[in-house]
Asks: 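Please find one structure pasted underneath; my questions will follow.
In what follows, every chain begins at residue 1, and chains take the letters A, B, ... in the order their sequences are listed.
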Number of protein chains: 2
Amino acid sequence: MVSLVTRGEPHSFAECNQAAVPVADILSRIGGKWMIYVIMALTRGPMRFSDLRRQVDGISQKMLTQTLRDLEEDGLVTRKVTPIIPPRVDYELTEIGMELRGPLAAIAEWTERNGDAIAASRARYAAERGAA
Amino acid sequence: MVSLVTRGEPHSFAECNQAAVPVADILSRIGGKWMIYVIMALTRGPMRFSDLRRQVDGISQKMLTQTLRDLEEDGLVTRKVTPIIPPRVDYELTEIGMELRGPLAAIAEWTERNGDAIAASRARYAAERGAA
DNA sequence: CGGAATCCTTCACGATACTG
DNA sequence: CAGTATCGTGAAGGATTCCG
C-alpha cells in the first residue's frame with residue numbers, strides 16, 4: 001500500500017490499485033449519494049427498511065434498496081428477513097461496518113473543521129474564474 | 001453534526017447536511033475516480049502538471065486538469081504558474097490538503113485490513129444473487 | 001411491507017483535436 | 001508544456017408503476 005502520509009521513495013500508483021480491494025473502489029462507494037447517511041442511520045442499531053427510509057430524508061425506495069445491496073455485498077450490513085405478512089426485513093451493521101465509522105468520522109471532523117475555509121475558497125474561486 | 005460513532009438521541013439527517021459544507025459533498029469529491037491518486041502523488045511534495053500525469057497512471061489530461069481544478073476550488077492545492085516558454089505550472093497541497101491525508105489514510109488502512117473479507121463477501125454475494 | 005421493473009435525465013469520464 | 005473545446009458513452013440517480 002502506498003502511504004498517504006509519509007514522503008519516501010516514489011511508489012507505483014498501480015501498486016496501491018492492485019490490492020484485493022482497491023482503496024478507490026471503497027471511496028467510490030462511500031462517495032455515493034446515500035451511503036454515508038444509511039451507515040449513519042444504522043449506527044443507532046438495527047433498523048427496518050421502512051424505518052431507514054424515514055430516517056434518511058429524501059432517499060427513494062430504489063436508491064435505499066440499491067445502497068443496502070451494495071453494503072450487503074461488501075459485508076458491511078446483514079439482511080435478516082422475517083417471513084411474516086406483511087414482510088419484515090431488518091438491516092444491521094456488521095463488525096467491519098462498525099469499524100468503518102471511525103474513518104468516516106475522521107472525514108466528517110475534517111470537513112467540519114475546515115468547512116468555512118472550503119466555502120471561502122469556493123467563493124473566491126467562483127469570483128475569479130466564474131467572472132472570466 | 002450527527003455523530004457516526006455514538007448511539008444517542010436520533011438526529012435529523014438534515015442537521016448534518018446543512019453545514020457550511022456537507023460531509024457528503026466532500027465524500028463525493030473524494031469518491032471521484034482520480035482525486036485520491038492525485039492527492040497521493042502530491043504527498044511527495046510539489047509537482048508539475050506533466051509529472052503528475054506521469055505519476056497517476058492512466059489519467060487523461062482532461063481529468064487531471066479537472067481534478068486539480070476541483071482541488072484548487074476547495075483550497076486543497078495551490079496552483080503556481082511560472083510564465084516561461086514552455087509554461088511551467090506547479091501544484092502543491094495546502095495545509096488543509098495535507099490534513100486530509102490522515103482521514104484518507106484511515107480509510108486506506110480500513111480497506112487494507114478488511115480487503116480479504118470484502119472480496120470474500122462479494123464472491124459469496126455473486127454466487128448467491130448472481131446465480132439466481 | 002419490501003421490494004422489482006421500467007423509463008428518463010443528468011453527469012462523470014474517456015477520446016480526440018486544437019492552442020498560446 | 002499545459003492547457004481548452006467538443007463529442008460520445010455508460011453509469012448514477014429520480015419518478016413511476018407493479019408485485020408477493
Asks: Check whether B:Ser28 reaches the backbone of A:Gly31 with its side chain - one donor and one acceptor, N or O, closer than 3.5 Å.
Replies: no

Asks: Respond yes when some side-chain nitrogen or oxygen of B:Tyr91 is under 4.0 Å from OP1 or OP2 of D:dG3, and no when none is.
Replies: yes

Asks: CD of A:Gln66 versus P of D:dG14: gap in Å, rounded?
Replies: 10 Å

Asks: Can you check whether A:Ser50 has a side-chain N or O nearer than 4.0 Å to OP1 or OP2 of C:dG2?
Replies: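 Yes, such a contact exists.
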
Asks: Return the 5'-most residue of the pair A:Lys62, A:Leu68 with respect to DNA chain C, ranking by each residue's nearest nucleotide.
Replies: A:Leu68

Asks: If I take atom CD1 in residue A:Ile59 and atom P in nucleotide D:dA12, what distance separates them, rounded to the nearest angstrom?
Replies: 15 Å

Asks: So which of B:Met40, B:Lys33, B:Met35 actually passes side chain to side chain contact (heavy atoms under 4.5 Å, CB included) with B:Tyr37?
Replies: B:Met40

Asks: So does B:Val23 get a backbone contact from the side chain of A:Thr111, meaning a donor-acceptor N/O pair under 3.5 Å?
Replies: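 Such a contact is absent between A:Thr111 side chain and B:Val23 backbone.
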
Asks: Taking only side-chain N and O atoms of B:Lys33, does any of them lie within less than 4.0 angstrom of OP1 or OP2 on C:dG14?
Replies: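 Result: yes.
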
Asks: Provide, to the nearest angstrom, the distance between the CE atom belonging to B:Met63 and the P atom belonging to D:dT4.
Replies: 13 Å

Asks: Hey, could you give me the CG/CG distance between B:Leu27 and A:Leu104, rounded to the nearest 0.5 Å?
Replies: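 Nearest 0.5 Å value for the CG-CG distance: 6.5 Å.
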
Asks: Just N and O in the side chain of B:Arg48: are any of them under 4.0 Å from OP1 or OP2 of D:dC1?
Replies: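 For D:dC1, OP1/OP2 do not have a side-chain N/O of B:Arg48 under 4.0 Å.
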
Asks: Could you state the atom-to-atom distance from CZ of B:Arg129 to P of C:dA4 in whole Å?
Replies: 7 Å

Asks: Whether A:Arg54 contacts C:dC1 is assessed here as follows: a side-chain N or O lying under 4.0 Å from the phosphate OP1 or OP2. Is that the case?
Replies: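 No, no such contact exists.
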
Asks: Any donor-acceptor pair, under 3.5 Å, between the side chain of A:Gln61 and the base of C:dA4, if you only look at N and O atoms?
Replies: yes

Asks: Between C:dC11 atom P and B:Asp70 atom CG, what is the distance in whole Å?
Replies: 14 Å

Asks: For a quick test of reading the model: is some side-chain N or O of A:Arg69 closer than 4.0 Å to OP1 or OP2 of C:dG3?
Replies: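 Looking at the OP1 and OP2 atoms of C:dG3, one of them is under 4.0 Å from a side-chain N or O of A:Arg69.
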
Asks: Nearest-Å distance, CD1 (B:Ile85) to P (D:dG3)?
Replies: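 Answer to the nearest Å: 15 Å.
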
Asks: Are any side-chain N or O atoms of A:Trp110 and backbone N or O atoms of B:Ile96, one a donor and one an acceptor, separated by less than 3.5 Å?
Replies: yes

Asks: Listing time: all N or O pairs from protein to nucleotides 18-20 of chain C that are below 3.5 Å?
Replies:
none

Asks: With the side chain of A:Trp34 defined as its heavy atoms from C-beta on, choose the nearest nucleotide among D:dT4, D:dG14, D:dA2.
Replies: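 So the side chain of A:Trp34 is nearest to D:dG14.
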
Asks: Send over the distance from A:Leu64 CG to D:dG14 C1', rounded to a whole Å.
Replies: 14 Å

Asks: Over all heavy atoms of both residues, which pair between A:Val21 and B:Ala119 is shortest? Give the atoms and the distance, please.
Replies: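 Looking at all heavy atoms of both residues, the shortest contact is CG2-N, 4.1 Å.
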
Asks: Should the pair A:Asp25-B:Arg122 be classified as a salt bridge under the 4.0 Å nitrogen-to-oxygen rule?
Replies: yes

